[in-house]
Every structure is written in structure tokens, then in C-alpha cells.
Protein chains: 2
Amino acid sequence: MARRPVTTSTSPTALDARKATILEAVVAEHIDTAQPVGSSSVAHSADLDVSPATVRSEMVALEREGYLAQPHTSAGRVPTDKGYRYFVDHLKSGVMNSAQQHQIQDFFANVRGEVEDVLQQTSSLLSRLTNYTSVVVGAGHSHASILSVQLVSLDARHQVLVAVFSDGAVIKHSIMSGFDASFEDVTEASRQLNALLLTTTLEHRVQVPSRTDNVATLVRDAVSVLHAQAPTMDGEQVFIGGSSRVAEVFDGVETVRTVLSILEQELLVVTLIQDILDQGLSVAIGSEHGFEALSSCAVIVAPVTIDGEPAGAVGLLGPTRMKYPEALAAASMVSQQLTRHLDGEEALG
Amino acid sequence: MARRPVTTSTSPTALDARKATILEAVVAEHIDTAQPVGSSSVAHSADLDVSPATVRSEMVALEREGYLAQPHTSAGRVPTDKGYRYFVDHLKSGVMNSAQQHQIQDFFANVRGEVEDVLQQTSSLLSRLTNYTSVVVGAGHSHASILSVQLVSLDARHQVLVAVFSDGAVIKHSIMSGFDASFEDVTEASRQLNALLLTTTLEHRVQVPSRTDNVATLVRDAVSVLHAQAPTMDGEQVFIGGSSRVAEVFDGVETVRTVLSILEQELLVVTLIQDILDQGLSVAIGSEHGFEALSSCAVIVAPVTIDGEPAGAVGLLGPTRMKYPEALAAASMVSQQLTRHLDGEEALG
DNA sequence: GTTAGCACTCGGTAGAATCGACTGCTAGAA
DNA sequence: TTCTAGCAGTCGATTCTACCGAGTGCTAAC
């Protein structure tokens, strides 16, 4: 049996050069114009020297294979999710507007302050750069250990518990004691808490005193409050930038409504981003992520690390016909710089 | 000169009974239907026994006085901002859906946790109750005094500064020392900071040591960082609930866009709410608040206090044709219950 | 395999006709 | 005077038609 040449392979995922060019031209133009694109404009724009008729016959093939779709008989073609997927998979790594590059570098050169603030500002930046809604997710602190616990009295019956963690996170929680706690009680409870909890993580259960005196009660309350905070500590933080872009980028009140209401639910957003990262994707188009409600959206994600460990992600949310090259480039550069910035903070220590 | 009877007073702000009835009917119907309302539907709905023709002649008067407007010649009337203003000023205090009353009571009976969480959840509640976007503003902490300052080492060159305030607020800030700080250095600096700052407020400037040893440097850094935080502490916190409602409640992409982008800017929102409170209003309609961009919106605010002191506000944002009776009732009840809840937390101490 | 030519489809637009919900005005009744 | 019935007039919304044009699929010839 003669070996078939590789170039004519009919593997379902491969496209011959001309089909690829045509598909890419269709996607590019549709992203640009938001209109169905016809055979003749492709024949002219792309640099293949063929007639519209030829383009047409290729298009029916592309449609049969699921890359393109026709809104109605006498209209041009529109990319399917699969078409967009091919497009982003075959993007030559984008060149980025150098003004924007500078903007990003300037930002990270000048940004200061707490991690939370940096993440929030990064989210705004990314949204401003791309005109899409941006999501920045900061990793949870599940593995951080306790460096310090302190109980402070507001008055005899109200205390504030403050814990500092090895990654710099701080949590607070107020405690209401059922009795009048003296200054000495609180100081002693603070001391015992430190002895009990230092270097442990929130997952770690500790033996609490079973006595019923004031100090022991304070200690018990504090420990249980602290453990109750574990999920909160674990929880990733979400910073959304440019949510108003949703209104201009999607059409149809219903879509805008849906997208906004998903953005309101931090947990959903975290799950979405995490799912995509877990699949090893950097772009999830339409139904590729499991979110029914977001089937007309594309999500771009880029991981952020600290010391090589996953520490969150930056993301962009737009319509499936979003400007992938620019958006991917921006997300990727921002995530790199953010990683460097966070590492830098560490490294200086 | 004969004294004119009060009832026929032509004072520019008073309306005779029939005009008032008609105006109220127009506003009510327009709120309900979003359509211009015509003379005949008013004649039938309102319980005045007059013909549409009579209603019409009253309407031209109301239009001349600025309460109503006509989108075009052959259309019905639409209320102006002044018309809405009259309407809300003459609302009989609304009766509230008792299911909703229960919902609010249940919420406050069961809600727990930190003030921030309560405020965020309250915002969601209010939005769910009314189907408008809700804003809850928590007062700043400018007058709180420092109860405790603590410096905790992450490693030799990184410390975290944690301060607890008399109102239970906690702020943290990381510090990067330019040298290796020993455990003893940090402990001693912590001790000195407490001695220096306890019972002061952030506005209060203190004398810092001018020596150049490690401890003094840490103390100086910490104090300056703390003072740099003053604006943040002052700053009110904003909790927005149901921002997705914006999409369904306003029409026109541009309006939605504008409103959303204003909601993104916490500072603007705080200013807006504060301005309205300062004017002593509970509703600001259209151009009554100074925000050009929100001229098609109405904002309802209700103050929240702790121990009688202003401690923030709850607000609702909707179109000028919002359902004032329900929204006012909900905002008012929620603000009362929230006040009670916050007072309760205090009172238990 | 490619292309020119052609018939056909179908959404979008422009214009005309119509509808109907209003109004303002006026003359006469209460 | 005040109110009302009646009426002509206005103007947006809706429907209908015709038509244009972008774009297709098919076929026959190159």
C-alpha cells in the first residue's frame, strides 16, 4: 500500500493551507465588522489568487466540517466556536502595540501598596488596555501558617481577634464574650493563643482548654472563630475591572444582564477561571467552559505565580468575536509582569 | 382687603385638589406602564367625575407649570422631574408588602458576622427586595482611636503592621525594611509603637525617634505608613448589590454604560450619596443631584446611625420612573433595621 | 481543479397607506 | 363660569409593498 503524502492528510483536525487561509480571513473579518462575511470579500482580502466561486466551494466544506455557519441561506459565513478555536490555535504570537507595552511597564514600575490594591489596579489596567471586562483572581491562603494571634479589647464584652499569616495576610473577627473580660484575661488569652496556634495552619485542629474560667473561654471562642474563618481564608479574592464594558461589548439586554449577574457572584467567577486553567487552556470559547449562561462569551486567562507556585490568574471576558490577538497579548504581558512584580516583592526579602 | 381663603391659594408650589389628583394619576400610571398617559385613562382611573376634556385643560395648566411634558403633540403626558418631586413629596407613607417585611425581619434576625459582611448582604437584600441596584455606604473611621499596634515579621526584611481601632476596625500594611531586622528589633519596635500611638487617632502626629538604629527606623517607617493610611481609614466603604439590575431597568446601551461606569467609581458613589444626605433629601430625582451623567436616574437614600451618630446610608438607584412607594418603604425599613442591628451589636457590650 | 455566469434566496430598506391614540379648540349646556 | 361633547388635526407606530443588493449554489465550459 502506497504511503499517502502527509500534505493531503484528511485528519479531521487538520485543514489544508487554502482552507486555513480562508477560515482565518473569515474569522478576522467577522471580528472586525461583526457581520457575516461573503466569499468575494475573502477572495479579495486574503492573498490567495482564486475567484469567489472557489472560495465558496471551500466554504461549504468548512461549513460541513463545522468551522463556519450560515445565519440564513443568502448570507455570508460566520465562524462557529470551532472556527474561533482553530483561529486562536493558529495565531502567530501577536505583536503588541508598543504604546500599550509602555503603559504596562510604567504601571508596574510605579505601582505600590498592598497586594490587594495592586491586583485591583491591575484589573483596571487590563480592562483599559483591551476595552473588555477584566478579572483578576488572587490565590487563597490555605497553606499559610499563623505568625501571630492577638486579642484586643474594645470594651469588657467585645474583643477583636487579629491573626497574621506567613504570606502577609491578615484576618480579623470580632468576638463577643458573654462576660466581662478584664484586661488581664484578654492579655493572658492572647498569650495562650499564640502558644497554641503559632506555625499551625487553619486546617490544623488544636487541643483547647476545657476549663470554664474566663481566659479558657476566650481562648476557646477565639480558636473556634478562627477555624470558622478557614473557608474565607481559602477563598480566592476576585477583582473585577471595567464591568461597564459589558454593556458596550455585548448586544441584547438579556445577555448583558446575565453576564453582569454572573460577575456579581465571585464564587462563580473563581470556578470559571479555575476550570479553564485546570483544562490547561488559555482561551475558552463559547461552550468550551461549562457555563451555559456564558455561551456567547470567550474568556481569556493567564496564570500568575509566586515563586513558581500558582498564585492566581488574570482574565478577560468578551464576546466570542473578541479581538483575540490583542487581548491575548495584553493578558499574557500583564500576567508576566504581575508575576514578576509579586516575585520581586518576595525576592527583595 | 378681604383675606383670601387658604384653599384657593395660588402659591406656585401648591396645586388645587383636582390638579393634584390628576398629576398623581399621571405619575402613577406612567411609572406603571412607562408610556405617556392620556387624558381619558386619567379621567377613568382617578375617582374624579369629570370628562377627559376637563382633564385635558387641567393638563395644559400642569404642563405650563412644569409638572408634565409632552413627548410630541399627539401624545399623552409624561411627568417631569418636578412632577415626580411633587408625587414623592405627597406620598402617603407607604404600606409595605408584609411578605417583604418578614423577609427583612428574618434577614436581620439571622444575619451574623463582621460589619462588612452584614453591609454587603444588606445591599444584596435591598436589591432583591426592590429589583433596583442598591448601594450601602459604611462610614469611615476617622475618629476612631488606636487600641493596639503590632509589628509582625514575615522574614528579616518584611514586616506586617497591624493596627486595631476603637471601633473594631483593623488595618494592615506591609513594610519592607532596608536591613535585616531581628526578632528582638521587631518586638521592641512594636512595644515602642504602642507606647507612642495608643489612644491617638490617625490625624494625630506624634514625635518619632530620630536615631538611626534598626528599632528607631522600624518605628519611623511604621508611623509614616500608618499616617499614610489615614485617607483610607477615613474613606467610606461602598457595597453595591444587584448591579445587573441596571441592565434591565434602564433602556439604552449608553445609559446602562454610563450608570455602570459611575458605580465602578466608589468615590463618586460616596460623594453622590453624601451630597443628597447633606441636602436633607431622601430622594434625588433627575437633575436634583448634581450628577449630569445620572440625570435619568433617581436615587433614594436613608441614613444609618450608630448611637445616634451618622454611620452611613443605604441607597437605591433606579430610573426616574421608579416605584417610589415600594422603594422608599423598603429603603426606610432596611435602614431602620440596620441601625437597630448595629446599635444592638454595640448595646450588648 | 477552477472559473464565469446565472438563477435564486432572503434580509433590509424605503415609501405609501392606514391606524389609532392623543390633542386643542369651540360651541353649547349646566 | 365651568364643564363637556364633538370634531378636526397631529404624529408616532404598524403594516404592506416593492425592490435592492449581497451572497449563495449550481452548472457548463475552460
Side-chain angles (χ1 to χ4, degrees), chain A residues 5 7-8 10 15-23 25-30 32-65 67-80 83 251-252, chain B residues 4-5 7-8 10 15-23 25-27 29-30 32-65 67-80 83 251-252:
Chain A
T7 46
T8 58
T10 54
L15 249 34
D16 68 61
R18 196 168 66 185
K19 281 201 183 62
T21 311
I22 291 174
L23 175 56
V26 171
V27 175
E29 185 172 334
H30 182 256
D32 209 48
T33 64
Q35 301 292 330
V37 358
S39 56
S40 70
S41 79
V42 171
H44 291 111
S45 77
D47 50 357
L48 20 82
D49 286 321
V50 290
S51 74
T54 310
V55 173
R56 279 204 288 281
S57 69
E58 295 286 47
M59 277 171 151
V60 315
L62 284 166
E63 186 169 356
R64 196 170 44 235
E65 294 173 46
Y67 294 99
L68 295 177
Q70 235 179 340
H72 58 87
T73 327
S74 69
R77 290 337 201 270
V78 158
T80 60
D251 25 34
Chain B
R4 296 167 71 198
T7 47
T8 57
T10 52
L15 249 35
D16 70 60
R18 196 169 66 185
K19 282 201 182 63
T21 312
I22 291 175
L23 175 54
V26 170
V27 175
E29 185 171 334
H30 182 257
D32 209 48
T33 63
Q35 300 293 329
V37 357
S39 56
S40 73
S41 79
V42 171
H44 291 110
S45 77
D47 49 359
L48 23 81
D49 286 324
V50 292
S51 74
T54 310
V55 173
R56 279 203 288 281
S57 69
E58 295 286 46
M59 277 171 151
V60 316
L62 285 167
E63 186 169 355
R64 196 172 42 234
E65 294 172 47
Y67 294 98
L68 294 178
Q70 233 177 342
H72 58 88
T73 327
S74 72
R77 292 330 201 275
V78 158
T80 60
D251 26 34

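Note on naming: letters A, B, ... go to the chains in the order of the sequence lines (proteins, then strands), and numbering restarts at 1 for each one. Worth knowing before you read on, the calculation uses all heavy atoms, side chains too, and leaves out hydrogens, waters and symmetry mates.
For A:I22 and D:dT24, the CD1 to P distance is 11 Å, given to the nearest whole Å. A straight line from NZ of B:K19 to P of D:dT2 spans 11 Å, rounded to a whole angstrom. Rounded to a whole Å, the CZ atom of B:R56 is 16 Å from the P atom of D:dG9. In this structure, B:Q35 atom CD and C:dC22 atom C1' are separated by 13 Å, rounded to whole Å. Rounded to whole Å, the distance from CD on B:Q70 to C1' on C:dC22 is 8 Å. Here the P atom of nucleotide D:dA22 and the NE2 atom of A:H44 are 13 Å apart, to the nearest Å. In this structure, CG of B:D49 is placed 17 Å from P of C:dA30, rounded to the nearest angstrom. The separation between B:E58 atom CD and D:dT2 atom P is 10 Å, rounded to whole Å.
Taking only side-chain nitrogens and oxygens, B:R18 never comes nearer than 4.0 Å to OP1 or OP2 of D:dT2.
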Are there any protein N/O atoms within less than 3.5 Å of an N/O atom in nucleotides 9-12 of chain C, and if so, which ones and at what distance?
unit_1 : atom_1 : unit_2 : atom_2 : d
C:dT9  : O2     : A:S74  : OG     : 3.0
C:dC10 : OP1    : A:T73  : OG1    : 3.3
C:dC10 : O4'    : A:S74  : OG     : 3.0
C:dC10 : O2     : A:S74  : OG     : 3.3

Protein-nucleotides 27-30 of chain D N/O pairs closer than 3.5 Å?
none

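Of the candidates C:dT3, C:dG24, C:dG5, C:dG24 carries the atom nearest the B:R77 side chain, counting heavy atoms from C-beta on.
Partners of B:S57 by side-chain contact (heavy atoms from CB on, under 4.5 Å), not counting sequence neighbours: none found. With sequence neighbours excluded, the residues satisfying side-chain contact (heavy atoms from CB on, under 4.5 Å) with B:S74 are B:H72. Every side chain to side chain donor-acceptor pair (under 3.5 Å) that A:E63 has, sequence neighbours left out, goes to A:R77. Among residues two or more places apart in sequence or in another chain, the side chain to side chain donor-acceptor pair (under 3.5 Å) test is passed with A:S41 by A:E29. With sequence neighbours excluded, no residue forms a side chain to side chain donor-acceptor pair (under 3.5 Å) with A:T21. In terms of the side chain to side chain donor-acceptor pair (under 3.5 Å) criterion, A:T80 has no residue partners (sequence neighbours excluded). The side-chain contact (heavy atoms from CB on, under 4.5 Å) test applied to A:T73 returns no partner, not counting sequence neighbours.
The salt bridge (charged side-chain N to carboxylate O under 4.0 Å, His left out) pairs that include a residue from residues 45-59 of chain A are A:R18-A:E58, A:K19-A:E58, where partners are two or more places apart or lie in different chains. Note on residues 35-46 of chain B: no pairs pass salt bridge (charged side-chain N to carboxylate O under 4.0 Å, His left out), not counting sequence neighbours.
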Exercise for review: Begin with the C-alpha distance, continue with both residues' side-chain angles, and end with the deciding distance and a verdict on side-chain contact (heavy atoms from CB on, under 4.5 Å) for B:Y67 and B:V26.
Suggested key: CA-CA 10 Å; B:Y67 294 98; B:V26 170; over 6 Å; no
**Study point:** A:T54 and A:S51: CA distance, side-chain angles, deciding distance, side-chain contact (heavy atoms from CB on, under 4.5 Å) verdict
**Key:** CA-CA 5 Å; A:T54 310; A:S51 74; 3.3 Å; yes
Check your understanding: How does protein reach along nucleotides 15-20 of chain D, written 5' to 3' as B (base within reach of a heavy atom under 4.0 Å), S (only sugar-phosphate), or - (no contact)?
Key -> ------
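Nearest-nucleotide assignment on DNA chain D puts the 5′-proximal partner with B:V50, out of A:G38 and B:V50.
Between B:I22 atom CD1 and B:L48 atom CG the span is 5.5 Å, to the nearest 0.5 Å.
As judged by a 4.0 angstrom heavy-atom cut-off over every strand, A:S39 is placed among residues touching the sugar-phosphate backbone only.
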